[in-house]
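Computed from heavy atoms alone, side chains included, the values below leave out hydrogens, waters and symmetry copies.
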Amino acid sequence: MEITASMVKQLREMTGAGVMACKKALVETDGDFDKAIESLREKGEATAVKKAGRIAAEGTVLAVVEGNKAAIVEVNSETDFVAKNEKFRTFVGNIAEQILATDVKTVEELNDAKFIKDEAKTVKEEVISQIAVIGENLSIRRFEKIETEGVVVSYIHGGGRIGVLVEASADVVNDEVKEALKNIAMQIAALNPKYTSDAEIDSDFIAREREILMAQIMNDPKEASKPEKVINGMIEGRLKKELKEICLLDQVYVKAEDGKQSVAKYIEEVAKATNSNLTLKKFVRFETGEGIEKKSENFAEEVAKQMGN
């Protein structure tokens, strides 16, 4: 029986197994879907798929830098225990190296790519293999790659809880410049700015924040009774304060001795000291599991359920 691409696609959607694994199972069973699924189960593929239904909200962030190229990736697991497992961390390291060495742009492209450590299978098939070995659902959630004519540095906090890449243009790239950028990366990890500068902020965001601040004032009878000019001044003052907290260059540099120096002023200081035209271009910050709704487990209830109580 001829095994068509649509059949392979259908079996993959039914099981979540890799393309080659699905094709092989269909060939071996002469296109019988029930037997093909059974074959995948026997080989551990279905077990992996079953585990893939669990929420993977732990994991690790890892970054690699080679010269003027860098990649950062978040791979999720179900538990923090597995995230600290050396086998898991080696796997994540291999994925980061693959991202750095290839031109993949999306997680989908990455999953479909040949795994550089074993080109007989795809990255997705390697993920499934790791699920079967480690015993937890794993997923490559996101990644980003930077290639620059300037300099890029990385910082990993908490053993992979938070990862940061910082890119800058610089006439001089030495240890002092790299240390300064590492300090900034540490600040990004700690204070979680949303933008590099206020120039990146969308006008719709500003307008919406003004509306929110106005609503807050109107809900306070004492403030709402003030003249319009005063209210507008209050809104602009509060907006400026908010933007100062979410824009990296406007934040107070955490290591500033006077407690007042901004990140922008710190960069100027380093540029002058190193005789370099140092300019911060962008940053990437990944925090493991951010935005993922974690399932709340009640151990006593789980045990009672399994015992039939």
Side-chain angles (χ1 to χ4, degrees), residues 16-18 21 44-45 47-49 51-67 69-147 152-167 182 185-186 188-189 192 283-295:
E45 301 285 359
T47 300
V49 172
K51 287 169 182 172
R54 303 177 189 165
I55 297 174
E58 297 294 337
T60 194
V61 175
L62 189 144
V64 289
V65 178
E66 290 183 7
K69 297 195 302 182
I72 185 169
V73 62
E74 176 186 353
V75 180
N76 297 129
S77 61
E78 292 180 56
T79 65
D80 185 51
F81 178 78
V82 163
K84 295 174 181 177
N85 179 281
E86 193 59 37
K87 186 174 182 63
F88 172 75
R89 299 185 72 82
T90 298
F91 165 66
V92 178
N94 289 338
I95 295 301
E97 288 179 13
Q98 172 135 5
I99 293 165
L100 197 65
T102 60
D103 294 325
V104 292
K105 300 292 191 297
T106 66
V107 173
E108 289 74 18
E109 286 182 10
L110 175 61
N111 279 326
D112 290 338
K114 294 294 183 182
F115 185 47
I116 58 173
K117 296 294 183 179
D118 182 359
E119 293 195 352
K121 54 185 172 182
T122 64
V123 170
K124 177 63 176 177
E125 288 168 338
E126 174 62 15
V127 171
I128 291 175
S129 296
Q130 292 292 330
I131 291 173
V133 171
I134 292 174
E136 284 194 7
N137 183 25
L138 309 176
S139 66
I140 301 171
R141 185 185 184 198
R142 53 182 172 168
F143 67 85
E144 193 155 338
K145 183 178 177 180
I146 291 177
E147 292 187 56
V152 58
V153 302
S154 66
Y155 171 69
I156 300 296
H157 176 76
R161 175 59 57 183
I162 298 172
V164 177
L165 292 180
V166 176
E167 178 191 1
K182 184 80 76 173
M186 292 171 67
I188 293 166
N192 193 17
F283 68 86
V284 180
R285 181 187 187 275
F286 285 173
E287 183 168 349
T288 302
E290 61 185 341
I292 300 176
E293 184 178 350
K294 299 184 181 182
K295 185 178 179 181

Side chain to side chain contact (heavy atoms under 4.5 Å, CB included) evaluation trace for Q130 with K87: CA-CA 9 Å; Q130 292 292 330; K87 186 174 182 63; 3.8 Å; yes

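- A donor-acceptor pair under 3.5 Å is formed between the side chain of R285 and the backbone N or O of A189.
- Here the shortest heavy-atom pairing between V82 and S77 reads CG1-CB, 3.9 Å.
- Under a 3.5 Å cut-off, the side chain of K145 and the backbone N or O of T102 do form a donor-acceptor pair.
- Here the closest heavy-atom approach between residue L165 and residue A71 is recorded as CD1-C, 4.1 Å.
- To the nearest 0.5 Å, the span separating NZ on K124 from OG on S129 amounts to 11.0 Å.
- Among residues two or more places apart in sequence or in another chain, the side-chain hydrogen bond (donor to acceptor under 3.5 Å, both in side chains) test is passed with D118 by none.
- Taking all atoms of both residues into account, the shortest heavy-atom contact from A63 to I156 is N-CD1, 3.9 Å.
- Residue L138 holds its CG atom at 10.0 Å from CD of E126, rounded to the nearest 0.5 Å.
- With a 4.5 Å cut-off on side-chain heavy atoms, V92 and V73 count as touching.
- Contact detail for G160 and T60: the closest heavy-atom pair is CA-OG1, 3.4 Å.
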Take N137 and I131 through the test side chain to side chain contact (heavy atoms under 4.5 Å, CB included) and record every step on the way to the result. CA-CA 6 Å; N137 183 25; I131 291 173; 3.9 Å; yes

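- When the shell of 6.0 Å around NZ of K69 is examined, it contains more than 12 heavy atoms from other residues, nucleotides or ligands.
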What verdict does the side chain to side chain contact (heavy atoms under 4.5 Å, CB included) test give for V166 and Y155, after you've listed the backbone C-alpha separation in whole Å, the side-chain angles of each residue and the deciding distance to 0.1 Å? CA-CA 9 Å; V166 176; Y155 171 69; over 6 Å; no

Run the numbers on V107 and R141 for side chain to side chain contact (heavy atoms under 4.5 Å, CB included), then give the verdict. CA-CA 7 Å; V107 173; R141 185 185 184 198; over 6 Å; no

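- In this structure, OG in S139 is found 10.0 Å from CD in E78, a value given to the nearest 0.5 Å.
- V127 and F91 make their closest contact through CG2-CZ, 3.7 Å (heavy atoms, listed as atom of the first residue, atom of the second, distance).
- R161 approaches E58 most closely through the heavy-atom pair NH2-OE1, 3.2 Å.
- E290 has a carboxylate O that lies under 4.0 Å from a charged side-chain N of R142, or vice versa, which qualifies the two as a salt bridge.
- Once rounded to the nearest 0.5 Å, the distance linking CD1 of I146 with CZ of F283 reads 10.5 Å.
- Contact check for D112 versus T122: no side-chain heavy atoms found under the 4.5 Å cut-off.
- Using a cutoff of 4.0 Å between basic side-chain nitrogens and carboxylate oxygens, K105 and E144 are not scored as salt-bridged.
- Here CD1 of I95 is found 8.0 Å from CD1 of I116. Values are rounded to the nearest 0.5 Å.
- For the atom pair CD1 of I99 and CD of E109, the computed distance is 11.5 Å after rounding to the nearest 0.5 Å.
- Counting only distance, with no hydrogens or angles, the side chain of K121 and the backbone of K114 share no donor-acceptor pair below 3.5 Å.
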